[in-house]
Amino acid sequence: MLKTFKPSVDWLLVFVPVAFLLEYVPAWHNPTALFICAGLAIIPLAGIMGRATEHLSEHLGQGIGGLLNATFGNAAELIIALMALHKGLIGVVKASITGSIIGNILLVLGAALTAGGLKYSEQRFNRTAMHTSTTSLMMAAIGLLVPTVFHYSGVGVTGDTWKPEVAQKLSLGIAGVLFLTYVFTLAFSLVTHKDLVSGKTHSASDAQSHSPSGEPPWSKAKGIVVLLVATLFVAWLSEFLVSSVESARAQLGVTEVFIGVIVVAIIGNAAEHSTAVWMAAKDKMDLSMGIAVGSSLQIALFVAPILVFTSWFLGHPMDLEFTIPELAAVIIAVLIVTEISRDGKTNWLEGVQLLSVYLILAILFYFLPGGH
Amino acid sequence: MLKTFKPSVDWLLVFVPVAFLLEYVPAWHNPTALFICAGLAIIPLAGIMGRATEHLSEHLGQGIGGLLNATFGNAAELIIALMALHKGLIGVVKASITGSIIGNILLVLGAALTAGGLKYSEQRFNRTAMHTSTTSLMMAAIGLLVPTVFHYSGVGVTGDTWKPEVAQKLSLGIAGVLFLTYVFTLAFSLVTHKDLVSGKTHSASDAQSHSPSGEPPWSKAKGIVVLLVATLFVAWLSEFLVSSVESARAQLGVTEVFIGVIVVAIIGNAAEHSTAVWMAAKDKMDLSMGIAVGSSLQIALFVAPILVFTSWFLGHPMDLEFTIPELAAVIIAVLIVTEISRDGKTNWLEGVQLLSVYLILAILFYFLPGGH
Amino acid sequence: MLKTFKPSVDWLLVFVPVAFLLEYVPAWHNPTALFICAGLAIIPLAGIMGRATEHLSEHLGQGIGGLLNATFGNAAELIIALMALHKGLIGVVKASITGSIIGNILLVLGAALTAGGLKYSEQRFNRTAMHTSTTSLMMAAIGLLVPTVFHYSGVGVTGDTWKPEVAQKLSLGIAGVLFLTYVFTLAFSLVTHKDLVSGKTHSASDAQSHSPSGEPPWSKAKGIVVLLVATLFVAWLSEFLVSSVESARAQLGVTEVFIGVIVVAIIGNAAEHSTAVWMAAKDKMDLSMGIAVGSSLQIALFVAPILVFTSWFLGHPMDLEFTIPELAAVIIAVLIVTEISRDGKTNWLEGVQLLSVYLILAILFYFLPGGH
């Protein structure tokens, strides 16, 4: 994914040393402050990872570069989720998957369409490329729906009781299908139909030319070093974030689900947010929508399956069964974005409608009694 | 909303004195007859309120006039609901909200498309205007879905029990968001994009020119007096309607929900029905669909929030939690109208399909065991 | 429906005598083998019935011929279901209705789009004709959803308990509406708008000209005799299939629902499958999609109601209440095909997406604990 930064976001890097001080200076220990600072510090680092990926992609040619982008685009979310999974915080991991999907579709895209719509009465985008994305999103929603359908149908209607081991196998199977779908979608957009979705691939060259900073291409070595260092710091700060989540949650008086769906999701997707809004304001709607919807897709079809597979090795097997509100949120988000994108045109009201749906869901998750 | 009447509907005014006699002459007291006569008498009065609003709008200019139309378009439904709320008949109020939404989308629009389709092989409408409306409808359905998701997720999955006070706060929050959406939708269609949806605003001048009676514009004074008198009578007759609903229900052997969803909804929307069918038969599809869908939208985004807010002052707090059949009916209606309207063309089969869905839902509500 | 066969399918006729031997030679008795052979033998016979219907249609003129096609297109499924109903295997019947609907939409259409998409980068079809079909499909899904909504709303929310007799009446009413919808859809596509959907009627002459065998038209007598003989054999073999289903199920270690949804549905729709894929490979997308979607429609709006009506006379009254996974599968299939067909273009990824959804649902039904 393309990550371009307005100066403001990079300033958040000051929170990197602050977070380290809060963690390692005993006198300053305060979980809530640590949680907030680690979260704020991850935002610019996620952006830097994205930028490094972009620059590296350029050295690797469009095919491999696109693949690299598609794989590392949501690396920050993946790292945070792996840390949480390692600590057995499965509820937070699932909630952050839900939150990333709906956050990108509703909050990021809603803000982008509103920002764009305030400047332009009507903005147009490539309907065909979006159609492929919304269909894939619908598939992802179906994949996440089925384990819950399984749970509720196993209970009650039949005499048999629902068994976690079977749910686990079912989730593994579905994760496999979703992952394959991701591979096929990549093959479609990077190989067989790359012209069709050219507006959506936001290749490195596009990223460059749209870059507000207009920075020159990085060398391959610089790209690799920056990517490694940024990844290391994101992992480190994710550790802090995850270790302080429980205390912060209790102190702030919100539920684990709210933290996962709203807070973690906003931290992980702040970079996409900033870029998508920026692009929409410049009337580059294909890029803007591609970033928002593509990021949701990547979470659902790539990050979620990877987490299911990895969870087996970490000894905390995670299934793909979501709570009813999480599922409802994903289905609602997918249906409304499908509806909004069907005519190839956007306006400010559509942006406001997406934001309103996000607000309604945020209210729901705020009031929801705790615990997965 | 534009209310134009074929002579037949105004004849129902004879039921106004009949209803008063049934209420105030002790010997004639009969709740079922009163219920039926009050219902029939409200139909033409709702139409007259609509006409007076139209005429007044013309004196107030397009902006304020459009706002007046948008606010008073469903005044009869609002008055009936407020009366029912005052008596604590919350089940009837919720059922009539559901009924008005699905009645306008399925029954009114279905009848209009069928009537139009019998004369014209294919009829066209402004797809862009309808797209805005169906997206808003989808948002409304989401708003009504969330409190029920909240209820069912609070029970069972978590140890916590669902609490009515929290459901109440959630509903207030959602009602606020829906109301804001209504304000934004009005701003969109009356201010920023009024040309785009010009086919949908059915301004007073359109109404005039399409009016079958071709009546000359009323004076401002006449408009105000007629509006006040008609509103007074509608309120009075709503009193009768609501006070007799329980006895009538028992005597007719149908449930409270059936009364609300089917009977009250038909009474409150008869005026829209008559006008939408008339316009479709004249191939004015933008007006016809605008009336049907706009009326549903107004119920969901304006009347329902107003009722939630008002219910607090009346001492019978109403939340936005609907029963599963009501919710299923609204979601089904919104999905099918979205599907039917997506190609900008209509034919008789689409009308029959909408009517069939209405019939299926009416059968469901008929057989449903009673009580909210 | 048009049934054209590549040589391979007709070879399966060798299983007809094998099935008879397995049933009537006591020493060879083996329920699982019988189940498999009877299933394989029905596939080419269903195709022959289809071909005979096509040839007969040609003698009867387009109107009556279209009606004959529409009525006998899924005769094999209907016969198998009637046999199962006669034995009281209501769970299998319902599962096979679900399976036929999703099998045609997801498996048959998915395979067709993939096959076509591997040869052509993009294929186009008549969006208007498909729009009518997907709307009808949505109606059918609504009809199947309502009895289940009824069941779950009757329990819990109200004090009343859900009563099977009422569910039965509700299902009869809905079956009536669905059947009427089918009649209206036929009137629309065969009478009032036959030009509009000409790409979808796949009339006998089309069938002829597309027939890979290029066989000359059959005489009326030959058509009738072949149809009668094939029907007789399909009925006979369905007897075997249904009588062995229980033993085969136990021996293969799968559930009744899996047999119904996946196995029986594949047997009954193999003919459609072969033809739809063949047509897609020749870029005749209107025919290909018309067969797949039309067959689903016929199951939902014609076969299912007929089975509900017939079940009353057979003494095993069947309602239209489906399990939650069955219902979810139908709704998912209808939504995804609606989404995929909305732009009038197809590509291989859309085919793979449909197949992936089918695979996810097959995994669900495989793991689902048994019993309706």
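Keep in mind that what you see is a predicted model, and the values were worked out from it rather than measured. Residue numbering restarts at 1 for every chain, and letters A, B, ... go by the order of the sequence lines.
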Are the side chains of [Y] and [X] in contact, using a 4.5 Å heavy-atom criterion?
| X | Y | result |
| --- | --- | --- |
| C:His316 | C:Val93 | no |
| C:Val293 | C:Leu137 | yes |
| C:Lys87 | C:Val245 | no |

Determine yes or no for a side-chain-to-main-chain donor-acceptor pair under 3.5 angstrom, with A:His131 supplying the side chain and C:Glu339 the backbone.
yes
Which one of C:Leu145, C:Ile142, C:Val146 satisfies the side-chain contact (heavy atoms from CB on, under 4.5 Å) criterion with C:Ile174?
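When side-chain contact (heavy atoms from CB on, under 4.5 Å) is applied between C:Ile174 and each of C:Leu145, C:Ile142, C:Val146, only C:Val146 qualifies.
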Against chain C, work out which of A:Leu180, A:Val166, A:Leu335, A:Thr338 has the most heavy-atom pairs shorter than 4.5 Å and name it.
A:Thr338
Return yes if a side-chain donor-acceptor contact under 3.5 Å exists between C:Gln353 and A:Ser136, otherwise no.
yes
Looking only at C:Val352, C:Asp343, C:Leu354, the option with the highest number of non-hydrogen pairs under 4.5 Å against chain A is C:Asp343
Kindly assign one of parallel, tilted or perpendicular to the pair C:Trp348 and A:Phe184, based on the angle between their ring planes and the thresholds 30° and 60°.
perpendicular
For chain A, which residues from residues 355-364 of chain C have at least one heavy atom closer than 4.5 Å to it?
C:Ser356, C:Val357, C:Leu359, C:Ile360, C:Leu361, C:Ile363, C:Leu364
Part of A:Arg127 within contact of chain C (heavy atom distance under 4.5 Å):
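It is neither, since no heavy atom gets under 4.5 Å.
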